[in-house]
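So the structure is just underneath, and the comments pick up after that.
For the single chain, residues carry numbers from 1 onward in sequence order. These numbers come from a predicted model, not from an experiment. Every number for a ligand or one of its atoms is a count from 1 in the order of the listing.
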Amino acid sequence: MDIRLLEIKEKVKSHERLDRADGLYLYESHDLLAIGEMARDKKLEMSGRNVFFNVNRHINLTNICVSRCKFCAFGVDENGEGGPYLMTADEAFEFGAAAVDHGITEFHIVSAMHPNLGLDYYAEVVRKLNQGFPDIHIQAFTAVEIFHMHRISGRTIREVLQVLKDAGMGSMPGGGAEIFNDEIRRKLCPNKAMSDEWLDVHRIAHQMDIKTNCTMLYGHIESKEDRIEHMIRLRELQDEMPGFQSFIPLPFLPENTSMEHIKRTSAVDDLKTIAISRLMLDNIPHVKAFWIMLGLPIAQIALDFGADDIDGTVVEERIMHAAGAGTAKGISKEDLVNLIKDSGYIPTERDTLYNIIKEF
Ligand code: SF4
């Protein structure tokens, strides 16, 4: 380990916060195993030998989207190609209900920016599921979707969140953060919430006691500086108004997008990003290796690089798979438990809010 890495290791050990230069040095270093070891130690300190997963049902209400982000293979025009669809509230209920016997503890609702669905529709979907299955937590709508509902309805962000909370929304996922560089956002996704707007939605959600997650989309046209800046902005918001439960780094999957010329991130980059995020985000309790996008082998190794969560056994997922995620659309609980056990950790089923349901 070189002197600079040793300095960083000392900082981590003595709970001194890493700064931009430290984060960038970690990205520049080729000592992957040393970085991984530091992150693993940090993970052990923060969550012991537990590795979390949950059992959920993804419900993607519609793929009709006015945003058409360049990195997305899911959103389509209302009357265009690509199989536009929209579930009615009853269909969404039936779709969710069909998974209840699989032991799910969460409905995970993420969709697109539909041109004219009103807030009432979203509230009705949540209300029906909540009334039908009051014990199943509803994690729903990214900040980008909430911001879109705010624009379409003319209601404030706080009012939109209150309507959804009253209907039964328990927490929010972390999607749509992409990368906090508005120049890049204007190139890749100009029609949706910009960086400050995304952060504002989460700030308000946290003020309203709605827990959320956060993500970072990496491996497209951003720089390593952008990635570190992104992590620091999340860390600052968490200091100011805590409420993030987990950070989920998402590698860009180029297939079927208009950026197919960009190469998929390497395993080294994926593992380094997991490890660096664990080290930089000292105030966010969990780092998730999202197996659907990373693939199971890298997700499993990521458990030794600082990740303490591997997402869930997802009954069906469309968004990542539209972009060519080569993973299965779901994995059995038994397979997930064995995969975690093989890594030497304690498979721990959790609910959405990280209450432990069962250790295996
Ligand atoms: S990433 Fe989301 S907002 Fe952007 S085009 Fe895809 S579905 Fe629409």
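For ligand 1 and R68, the ligand atoms under 4.0 Å from any heavy atom of the residue are 5 (S). Each of the atoms 1 (S), 5 (S), 6 (Fe), 7 (S) of ligand 1 lies under 4.0 Å from some heavy atom of C72. Near C65, meaning under 4.0 Å from any of its heavy atoms, are these atoms of ligand 1: 3 (S), 5 (S), 7 (S), 8 (Fe). Those atoms of ligand 1 that come under 4.0 Å of a heavy atom in A112, given as number and element, are 7 (S).
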Should R17 and D22 be marked as a salt bridge (charged side-chain N to carboxylate O under 4.0 Å, His left out) after you check the CA-CA gap, both sets of side-chain angles, and the distance that decides it?
-> CA-CA 9 Å; R17 187 161 262 191; D22 296 326; over 6 Å; no
Trace of the side chain to side chain contact (heavy atoms under 4.5 Å, CB included) decision for L129 with I136 = CA-CA 8 Å; L129 285 166; I136 298 182; over 6 Å; no
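In this structure, R4 forms a cation-pi arrangement with Y25, its terminal cationic atom sitting closer than 6.0 Å to the ring centre and no more than 45° off the ring axis.
Taking every heavy atom of both residues into account, F74 and S111 meet most closely at CE2-C, 4.5 Å.
Taking the six-membered ring for Trp and the full ring otherwise, Y345 and F52 have centroids separated by 6.0 Å or more.
For residue C69, no N/O/S atom approaches atom 6 (Fe) of ligand 1 to within less than 2.8 Å.
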